[in-house]
Amino acid sequence: MLTLAFIRENKDAILKGLAIRNFANAESIIDEVIEKDALRRTTQSELDNKLSESNKLSKEIGKLFQSGEVQKANLIKEKTGQLKEQTKVLTERLSNSESELNDLLYQIPNIPNPLVPKGNSEEDNETIFEEGAIPKLHEGALPHWELAKKYDIIDFELGNKITGAGFPVYKGKGAKLQRALITYFLDKNSDAGYTEIQPPLLINEASGFGTGQLPDKEGQMYHVGIDNLYLIPTAEVPITNIYRDVLLKESDFPICNTAYTPCFRREAGSYGAHVRGLNRLHQFDKVEIVRIEHPDKSYEALDGMVNHVKSILQELELPYRILRLCGGDLGFTSALTYDFEVFSTAQDRWLEISSVSNFETFQANRLKLRFKNSEGKSQLAHTLNGSSLALPRVLAGLLENYQTENGIKIPKVLQKYTGFDIIE
RNA sequence: GGAGAAAUGGCAGAGUGGUCGAAUGCACUAGUCUUGAAAACUAGCGAGGGUCACACCUCCGGGGGUUCGAAUCCCUCUUUCUCCGCCA
């Protein structure tokens with residue numbers, strides 16, 4: 001959520017930014033916000049004056065009662081009765097304009113960083129880096145869902161039986177490989193200075209609002225109606241919400257956390273060949289990194305996170321590329337996002353395995369995540385997060401790229417975690 | 001799930017209808033002293049809205065009510081603690 005002060009003072013820059021996103025009706029919605037905000041403030045000061053008056057009168061009444069001048073007191077009481085009516089009306093008007101204002105603010109996405117290219121869809125994302133040789137596979141190389149079956153390491157049908165589509169069962173070396181990846185990622189992140197966290201997997205409404213899943217992406221989360229809780233779509237939600245309603249000291253920065261969690265997504269509206277196998281699941285595992293940063297340092301931190309994810313892919317020896325997302329593909333809450341994609345050789349396509357973003361103050365404003373700056377004032381912090389990494393597609397990439405006629409090899413870096421070097 | 005108690009500033013903790021945004025202690029910040037540190041002393045020290053700046057307004061777990069006036073009384077929800085039950 002953008003701050004009102006920012007909107008008031010930067011209307012032109014905001015309109016330009018929203019144009020990069022192809023955000024429709026930007027001008028009218030911004031004008032409406034500015035108008036509603038002005039109304040809100042005049043209502044507020046009107047109300048404040050009335051309250052101030054009635055506070056004064058009440059104090060007077062108190063004094064009069066104490067000195068026994070009951071009649072005088074009763075006279076004043078009549079006046080406060082009128083004031084009370086007026087404040088009631090004003091209070092109602094104030095809360096109405098506040099909620100209308102909030103409804104509008106919830107609709108406005110974050111303003112893109114100047115680096116974000118204009119564009120409508122993923123076609124327009126900029127490839128900024130590419131590394132790793134695409135392996136030449138043997139004759140008859142298979143896509144991962146076939147490999148999973150052949151070596152009996154992932155059972156999609158069994159998942160259908162137990163739960164439904166998109167809930168695979170990992171078995172034997174497949175399960176071990178999953179566990180190895182999780183442990184390797186967590187170790188790697190810890191070594192880079194991230195603190196490991198195990199958060200709850202269900203969150204309440206306030207947390208959903210804090211990171212921006214609510215109100216607009218409600219349909220993407222599984223909802224436990226009886227307790228009004230949501231299954232997390234990513235560890236970003238519980239981890240970032242640790243800092244909801246928190247006032248940090250400048251010396252607390254940087255805050256670097258990492259967490260492994262399963263992630264649950266309804267993926268309503270997804271279909272087709274691209275959702276086959278591990279490509280798109282309702283439940284999957286992911287290791288996430290989350291940082292809370294001083295605004296002056298957040299882009300440095302973003303670069304650091306990108307380099308960190310890079311180093312993981314280098315160690316895994318997977319062919320990958322980095323994209324800078326265009327305005328049309330950029331997430332609602334993000335100012336700048338880099339996507340990492342791994343090349344799936346047997347499918348002959350790139351698979352997104354990580355997304356690293358700077359949200360600047362957009363989440364922090366909702367979260368009320370602030371710090372005391374050097375002038376002693378409260379200022380919104382910047383939040384960032386990234387996947388390091390999302391398991392299923394890494395697994396897909398590993399299975400496909402590391403397949404040989406004799407079996408699927410395990411990358412060297414993972415062997416001490418798996419305890420085996422080939423799946424056969 | 002049942003019975004009882006409680007929720008106040010970073011922490012501890014006073015405050016039961018007006019002079020309370022709130023005593024006191026600790027922590028923290030600055031200064032004095034010291035070669036430096038500690039101790040001691042002095043001062044400052046919650047958040048949000050609003051304003052050029054003041055003024056002013058709001059906030060004592062959340063929401064609602066009583067009252068001219070609520071941290072204080074009432075209702076309700078949430079959470080915590082103790083006891084009982086069930087249980088990984």
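Residue numbers begin at 1 in each chain, while the letters A, B, ... track the order of the sequences.
Between the NZ atom of A:K368 and the P atom of B:rA47 there is a distance of 15 Å, given to the nearest Å. One interatomic measurement links the two molecules: CG of A:N228 to P of B:rU79, which rounds to 12 Å at whole-angstrom precision. Between A:E98 atom CD and B:rG49 atom C1' there is a gap of 9 Å when expressed in whole angstrom units. Note: NZ (A:K249) to C1' (B:rG46) measures 15 Å, nearest angstrom. Atom pair A:L380:CG and B:rA47:P shows a separation of 15 Å (rounding to whole Å applied). For the pair A:R370 CZ and B:rG10 P, the computed distance is 11 Å after rounding to whole Å. Note: CG (A:D245) to C1' (B:rG9) measures 15 Å, nearest angstrom.
In this structure, OH in A:Y184 is found 8.5 Å from CG in A:L389, a value given to the nearest 0.5 Å.
Between the side chains of A:N125 and A:D339, no donor-acceptor pair is found at a separation under 3.5 Å. One side chain, A:Q363 or A:T383, offers a donor N or O that lies under 3.5 Å from an acceptor on the other. Remark: the A:N113 side chain and the A:Y299 side chain contain an N/O donor-acceptor pair separated by less than 3.5 Å.
Around NZ of A:K310, the count of heavy atoms belonging to other residues, nucleotides or ligands within 6.0 Å exceeds 12.
B:rA3 is paired with B:rU82 under the criterion used here, namely a Watson-Crick or G-U wobble arrangement in which both key atom distances are under 3.5 Å. As the counterpart of B:rC87, no nucleotide is assigned, since no Watson-Crick or G-U wobble pattern has both distances under 3.5 Å. Using N1 to N3 plus N6-O4 or O6-N4 for Watson-Crick, or N1-O2 and O6-N3 for G-U wobble, each under 3.5 Å, B:rG18 pairs with B:rC68. Base pairing of B:rG61 is made with B:rC77, judged by Watson-Crick or G-U wobble geometry with both donor-acceptor distances under 3.5 Å. Across all strands shown, nothing is found opposite B:rC33 as a Watson-Crick or G-U wobble partner with both distances under 3.5 Å. Here B:rC26 sits opposite B:rG10 as a Watson-Crick or G-U wobble pair (both hydrogen-bonding atom distances under 3.5 Å).
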Show the atom names and distances, to 0.1 Å, of all donor-acceptor pairs under 3.5 Å that link a side chain in residues 104-111 of chain A to residues at least two apart or in another chain.
{"from": "A:Q107", "atom 1": "NE2", "to": "A:D103", "atom 2": "O", "distance (Å)": "3.3"}
{"from": "A:N110", "atom 1": "ND2", "to": "A:T333", "atom 2": "O", "distance (Å)": "2.9"}
{"from": "A:N110", "atom 1": "ND2", "to": "A:F359", "atom 2": "O", "distance (Å)": "3.2"}

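Remark: the separation of the P atoms in B:rA53 and B:rG49 is 13 Å, to the nearest Å. B:rU76 and B:rA7: their C1' atoms are spaced 16 Å apart (whole Å). Straight-line distance between the C1' atoms of B:rU51 and B:rC57: roughly 12 Å, to the nearest whole Å. When the C1' atom is used for both B:rG64 and B:rA55, the distance is 31 Å, rounded to whole Å. Comparing the same atom, C1', in B:rU82 and in B:rU67 gives a spacing of 36 Å after rounding to whole Å. The separation of B:rC73 from B:rA14, taken at their P atoms, amounts to 15 Å, rounded to a whole angstrom. For the P atoms, the distance from B:rC86 to B:rU78 is 25 Å, rounded to whole Å. The P atoms of B:rA30 and B:rA12 are separated by 25 Å, rounded to the nearest whole Å.
Ring centroids of A:H294 and A:F371 are separated by less than 6.0 Å, placing the two rings close together.
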Query raised in the report: For every nucleotide of nucleotides 50-69 of chain B, 5' to 3': is a protein heavy atom under 4.0 Å from its base (B), only from its sugar-phosphate (S), or from neither (-)?
Result: SS----SSS---------BS

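No side-chain donor-acceptor contact under 3.5 Å links A:H144 to the backbone of A:L399.
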